[in-house]
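Here is the structure we will look at.
In what follows, every chain begins at residue 1, and chains take the letters A, B, ... in the order their sequences are listed. Because the structure is a prediction, the values reported are computed rather than measured. Reckoned from all heavy atoms, side chains included, excluding hydrogens, waters and symmetry mates.
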There are 2 protein chains.
Amino acid sequence: MATIKDVAEKVGVSVTTVSRVLNNRGYLSEDLKRRVYEAMKELNYQPNELARSLFRKKSFIIGLIIPDISHPFFGEFARYVEEYAYKNRYKVLLCNSQLDNKKELDYISMLRASQVDGIIMGSHTLDTEEFTTINLPLVTLDRQLSESIPYVSADHYKGGVLATKLLIRKGCRKIAHISGNLKLHLLAKSRYDGFLDTVTKANIPHVVVETDLNGFKYDEYEKIVEDLFRQHPDIDGVFASSDVIAAQVLKECRKLGKEVPKDVKVIGFDGIKLGRYITPGLSTIQQPIKEIAKTSVQLLIDQINGKEVQRENILPVKLVEKETT
Amino acid sequence: MATIKDVAEKVGVSVTTVSRVLNNRGYLSEDLKRRVYEAMKELNYQPNELARSLFRKKSFIIGLIIPDISHPFFGEFARYVEEYAYKNRYKVLLCNSQLDNKKELDYISMLRASQVDGIIMGSHTLDTEEFTTINLPLVTLDRQLSESIPYVSADHYKGGVLATKLLIRKGCRKIAHISGNLKLHLLAKSRYDGFLDTVTKANIPHVVVETDLNGFKYDEYEKIVEDLFRQHPDIDGVFASSDVIAAQVLKECRKLGKEVPKDVKVIGFDGIKLGRYITPGLSTIQQPIKEIAKTSVQLLIDQINGKEVQRENILPVKLVEKETT
DNA sequence: CCGGATGTGTCAAACGGTTGATATAAGAAC
DNA sequence: GTTCTTATATCAACCGTTTGACACATCCGG
């Protein structure tokens, strides 16, 4: 690849001059600029961002750590993170942790070494202390880490309440909640809290199953849902903590000959695009994924630029009622 | 962040020595190594990859350009690309083109400037000539670019034939094919060829609808499918060129009161994980996404390392029959 | 014709590493 | 007591950029 030196030689000036043209600094005659740009074009020259980043101590790269990009929620999240990063001239380094503690830690090292300007953390297998050494602008998704680290999250509690209330209103007498991991101290746990508070207040029999203990093992969902209905055949309402799990519930109901929504009502969570393709149409609590991503990127860039940012960023959820309730 | 100089000063040796320890070159006493590593730990030191990459002329970063990471096929593809890249100590820079020509071109520039070691191209809005200036190891997904650029693809033709034959065998008398973009010179077009050849040979009435003209406009699928059934109410078999579209077909059938598979049989393409969550279970042609990703990464790394690689890499597809046929 | 703007361009150090060449000391071989 | 190994560590140049400091013209006013 051509370097700035090649351009300088071709034009017959020093590299400093070419650099000045590149960055538009100092006095530069129109004629000089023209000659330099021409030479760049001819040589198919592109400034080496590595060298620039090294000097500027800024790489314009952000790290995105998530559990699994092939999970629809994170896929959509990543899509919008990329979109807003791009609009701000940042590049995105994709890191799938697969909820593997070692890989997550390793990626954090790699990102630090790669001099990324900041990290968006959507995967949370690490303890709070392990973050103390990162020393980099950070934004977390759905997790409250420390006083200084801003986080973005949907209003999970409200979502849990809305979903549960809907099921109750529709006449469910025994409701199951299939939750995500309740031990990771994620804010998503509030979905469970919202469910529990609502169901308790209304004095409705209920049962909770926890999934997703380590990773997105789609295959396990099937067994979990099967077991649930075997042990509690009288369940007539299910609040699943993700649309993917809700889809699995629908599948199981079909297998058992339970009609949805007549015999069992089902509501999911996330509001992923693919929910729209499920038949019957899936009722769900929709997270504002695009806004969550946009806010995450904005908070990160603001921090990178030394601005003060708000610590708590809770975005509203929306009940979307379709055919399964 | 601590630099190598800080470490050197702390240990009381030169930076060269520390660098030697870091890279395990030359004769190094055990005692020295120990002292150096200790200092590194204490200072929370990490070598600056930017500086290293600059010197080595190798960044260990690969660029991944795809249309849309939130599309399940590309999400799964990206997941595995990341997995194999990680195993080989490469990092992945995520680029969503959204099938926007300008963005795709811009990303290629950015990747070149960022000194990535190679690019996996899964988005194809560019003309062949525009690739001549890239001058970087390249692997394309589903597209044949030039003599020198290796490509990876599933056996789309065979997939098209298998899907169509299945529909015929199951007794379909009028079959529709909802294709992807037929003008982008993608190898996926062979699904269409396979369909057409099979249906023609069997002398079965058929109709083809093209989708996906510019971007993944999920919302448009609905209208397309609606129109299809309005214009051809007698269709009793649909071969959709993606599982997402197939799901939309199922939805429409339900709306129209057509029973699947009794009245209409449906088969998709891709074999994405989420297909499993659709009810009724979606029959599909499964692409070996994991293998495709693995092969892509391997071909790229081999090229980076100066090895000769095979140009054509066609991987087998598999018919997965579920409930919709 | 001197002093100061004004315009144009170069020098050299710095960013944080790596590495070939080289220096130095100690011990072994002769 | 040379000479040769072997072990240990340093010097200085380099990767491709950026930028503060400075040099040199040219022009203008006085």
Pairing donors with acceptors under 3.5 angstrom, does anything connect the side chains of [X] and [Y]?
X: Asp31(B); Y: Ser29(B); value: no
X: Thr16(B); Y: Ser19(B); value: no
X: Gln298(A); Y: Tyr84(A); value: no
X: Thr125(B); Y: Glu104(B); value: yes
X: Ser153(A); Y: Asp142(A); value: yes
X: Ser53(A); Y: Lys58(A); value: no
X: Ser97(B); Y: Ser123(B); value: yes

With the side chain of [X] defined as its heavy atoms from C-beta on, choose the nearest nucleotide among [options].
X: Val13(B); options: dT10(C), dT10(D), dT19(C); result: dT10(D)
X: Leu54(B); options: dT10(C), dG16(D), dT18(C); result: dG16(D)
X: Arg52(A); options: dC15(D), dT18(D), dG16(C); result: dT18(D)
X: Tyr27(B); options: dT18(D), dA7(D), dT10(D); result: dA7(D)
X: Arg25(B); options: dT18(D), dT19(C), dC15(D); result: dT19(C)

Give [X] one of three labels, base, sugar-phosphate or nothing, depending on what nucleic acid heavy atoms sit under 4.0 Å from its own.
X: Ser29(A); value: sugar-phosphate
X: Arg20(A); value: base
X: Thr3(A); value: sugar-phosphate

Under the 3.5 Å rule, do the base of dT18(D) and the side chain of Thr16(A) count as making a donor-acceptor pair? no

From [atom1] of [X] over to [atom2] of [N], roughly how many Å is that when rounded to an integer?
X: Ile4(B); N: dA14(C); atom1: CD1; atom2: P; value: 17 Å
X: Arg35(A); N: dT8(C); atom1: CZ; atom2: C1'; value: 11 Å
X: Phe55(A); N: dT17(D); atom1: CZ; atom2: P; value: 13 Å
X: Asn23(A); N: dG16(D); atom1: CG; atom2: P; value: 17 Å
X: Leu28(B); N: dT6(D); atom1: CG; atom2: C1'; value: 14 Å
X: Lys5(B); N: dA14(C); atom1: NZ; atom2: C1'; value: 9 Å
X: Lys33(B); N: dA9(D); atom1: NZ; atom2: C1'; value: 15 Å
X: Gln115(A); N: dT17(D); atom1: CD; atom2: P; value: 18 Å

Could you check Thr17(B) against Ala51(B) and say which one's nearest nucleotide on DNA chain C is further toward the 5' end? Ala51(B)

Can you see which heavy atom on Val13(B) is nearest to which on Arg35(B), and at what distance? CG1-NH2, 4.5 Å

Quick one: pull up OG1 in Thr140(A) and CD1 in Ile120(A) and give me the separation to the nearest 0.5 Å. 10.5 Å

Could you check whether Tyr86(A) and Tyr107(B) have their ring centres less than 6.0 Å apart? yes

Ignoring backbone atoms, establish whether Lys57(B) has a side-chain N or O less than 4.0 Å from OP1 or OP2 of dC14(D). no

Does a side-chain N or O of Arg56(B) approach OP1 or OP2 of dC15(D) to a distance below 4.0 Å, or not? no

Dot-bracket encoding per residue of DNA chain C, Watson-Crick/G-U cut-off under 3.5 Å, | denoting interstrand: ||||||||||||||||||||||||||||||

Taking DNA chain D as the partner, which of residues 41-50 of chain A come within under 4.0 angstrom of it by heavy atom? Tyr45(A), Gln46(A), Pro47(A), Asn48(A)

